[in-house]
Amino acid sequence: VQEAYEDVNPLRDDKAERIINLVMLLRSSKRGFTKSEIFKRILGYGAELNFDTASTMFERDKVELQKAGIHVDVYQADAYSEDEFRYRLNDEDALLPEIDFTEAETSALSIALGAWKSTIQKSDAVQAQLKLEGLGHTFTNNLPVLEMSGNQQLSVLLHAISIKKQITFDYLKPGDTEPAKRQLEPWGVLVRGGSWFVYGLDKDRNADRVFNLSRLIGDVKMFGTANAYEIPKDLDYKNLFQPHFSKNQKTVVRLRIGENHGASWRSLSPDPLALEMQAGEFDCLLTNLNLEIPKLAAAAPGVVVLSPADVVERVKNLVLGKV
Amino acid sequence: MSVYEDLLNLIPWLRTHPGSTIPEVAEHFGWTDEQVVQYVLMAGVSGPGELHGELIDVHLDGDRINLVDGLGLDRPFQFDQVEAALILLGLELLVQNPQFHPDVERECVHSAAAKIRDVLPRVPKVQVIPISESSDGLLITQKALQSNRRISFTYWNEASDLAEAREVSPHELVYTGGLTRLNAWCHTRNGWRTFIIKRMSDVSLLEEAIYEPESSFSGMDFTTVEISVPTHLLYQLEGMNVVSRGALKADGIKAKISVLEPSWLARQILSSGCQIKVLGPIRFGNKVNELVAAAQNSYLDLK
């Protein structure tokens, strides 16, 4: 096989071979291995040529494995020698134990994993499915009727929450044109409708806050040490959304609608006749102007704002591109 | 996924699927036959030593693959936090929306989640807030699907901002992008259409049986449109069907999105303060620009 592999295989991958051999070696002894011992056994590190380069390669491989969910355990075997770090993979932590799912549970898992098929999280979901298949479970791959909406930042957030590390990001509040830097102790993520949110302790305001992930500009960055905070237990996440809306005052806005237009605005009118109206003018009550003004701009020309003047001005500026 | 990750997935799978053929493995993993052979050969030269018993023992008999000794690599590695969280979120979504899979018992979903949590207790806190759509429209649509009957309703078309009467033969309910949608044959338009449940009103169950067209549901005719989006408006992409996106630059990004009607894109542009631009195709862009101009005239004419 070895000859066939070396002669026939044009797609040889030295890095993959090295990492696979590393995984197998680190699992083969409970005591673990020092770097020198690892380099002696795995020729792919080329330690006989340059020990420092081999060490750098080894550290990179460890990071790769960490990314794949495989944690290399490091411990100091000899308290008096800093050189005596030993590396090992503990089967109990590293391997997925046999899980006895019933057929009905497997079918629920199929649906749960299928929900991520069209999202940026797809490859993580596929990886999870392959691991479960490796335990002998069979999954169906029907077209999902329940689909999650993915988010680019979700993976880093889940990682930060799992190791309780603080994060920082640029956030654009509704109505603002420039993002502001925020620091957060993330406690959890949630999805409402198709939108993802992260909630936690806002370090600048020293209060719990919810952030819509679609309003994050650029990447989320972790900082500080792991296990930097405690996540409160029994937090009622539904209440997190309440204060932001209840503080806002209602504004009366007069609208003119064209025939059969503006169905969603008519339902916001205190006048029940507005619902029956085919076309004409009516007042409606708007709760959060920052959110509603872009929607009013989008509704033109079927819906046009007539008053108050400041709202007309803001909508007009959006429609005419004067922002 | 990298080559070593592929290999770490393949070896446990071969243990639980002995005697699989090369094409079967290739189809399952989405690889080519050549890749499968490469991975099998690579597995055969992997191990903590170089002697017999120190290398993975995998046999390639014709095109059948048999794993004889995986040297401990034949068990999958533990889920990472993200993988486990995705499973739990998917299960939570199912618990909150049982109407999409009435055949799946809620207890089974809970017990599957409990087993996942048992193997990885430090999974981050994740929540799905229920879809608050126990509307009459949804209930009547579900009844229609069970009894194979048509429904009629008034539909608010977001793109045109018009409310129109429709009669449809329901085909299936799907939940995607945070919204419950009905795929149906629309008798009013004589074609397949997708309707967002919360935009339906005055929903009535009709006596007529559903019509089963010859063509199966294949979605609607979308156009791929290239747009530019400034950095501070990137959040608007969340509500769009993004096909691909370019790299983030100082002035924003270029993205390709899938659009059904020009009027929908015109609305997105207006709400952005005309800062989202259509880059192509030109004909589609012209239609969008005409609609934007009509909206602008409505405010220029305002006294």
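Labels below follow one simple rule: chain letters A, B, ... track the order of the sequence lines, proteins then strands, and each chain is numbered from 1. What's counted below: heavy atoms across the whole structure, side chains too, no hydrogens, waters or symmetry copies.
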Open item on the list: Does this structure show an ion pair linking B:Lys115 with A:Glu105, if we count only N-O contacts that are shorter than 4.0 Å?
Closed with: yes

Open item on the list: I need the full list of salt bridge (Lys or Arg N to Asp or Glu O under 4.0 Å) pairs touching residues 6-16 of chain B, with sequence neighbours left out, sorted by first then second residue.
Closed with: A:Glu98-B:Arg15

Task: Per-residue contact mode, B:Arg106 against chain A (heavy atom under 4.5 angstrom) - done: neither

TODO: Among A:Ala108, A:Ser155, A:Ser162, A:Gly188, single out the residue with the greatest number of heavy-atom pairs under 4.5 Å to chain B.
DONE: A:Ser162

Open item on the list: For the CD atom on A:Glu133, are there more than 12 heavy atoms of other groups (residues, nucleotides or ligands in this structure) within a distance under 6.0 Å?
Closed with: yes

Task: Proximal component of B:Leu248, with respect to chain A [non-hydrogen, under 4.5 Å] - done: side chain

Task: Under 4.5 Å from any heavy atom of chain A - which part of B:Ser271 - done: both

Open item on the list: Heavy-atom pairs under 4.5 Å with chain B: which of A:Leu113, A:Leu135, A:Leu25 has the most?
Closed with: A:Leu135

What side-chain donor-acceptor pairs closer than 3.5 Å can you find for residues 316-323 of chain A, not counting sequence neighbours?
unit_1   : atom_1 : unit_2   : atom_2 : d
A:Asn317 : ND2    : A:Glu313 : O      : 3.3

- [ ] Measure from NZ or CZ of A:Arg215 to the centre of the six-membered ring of B:Tyr235, then state whether that distance is under 6.0 Å and the direction lies within 45° of the axis.
- [x] yes

Task: Inter-residue atom distance B:Leu89.CG - A:Trp116.CH2, 0.5 Å rounding - done: 5.0 Å

- [ ] Heavy-atom distances under 4.5 Å only: say whether B:His110 touches chain A with side chain, backbone, both or neither.
- [x] neither

Open item on the list: Below 4.5 Å, heavy-atom pairs only: which of A:Ala112, A:Ala115, A:Pro97 has the largest tally toward chain B?
Closed with: A:Ala112

Open item on the list: Among A:Ala160, A:Gly262, A:Pro186, which residue has the highest count of heavy-atom pairs closer than 4.5 Å to chain B?
Closed with: A:Gly262

Open item on the list: Among A:Ile19, A:Asp170, A:Ile257, which residue has the highest count of heavy-atom pairs closer than 4.5 Å to chain B?
Closed with: A:Ile19

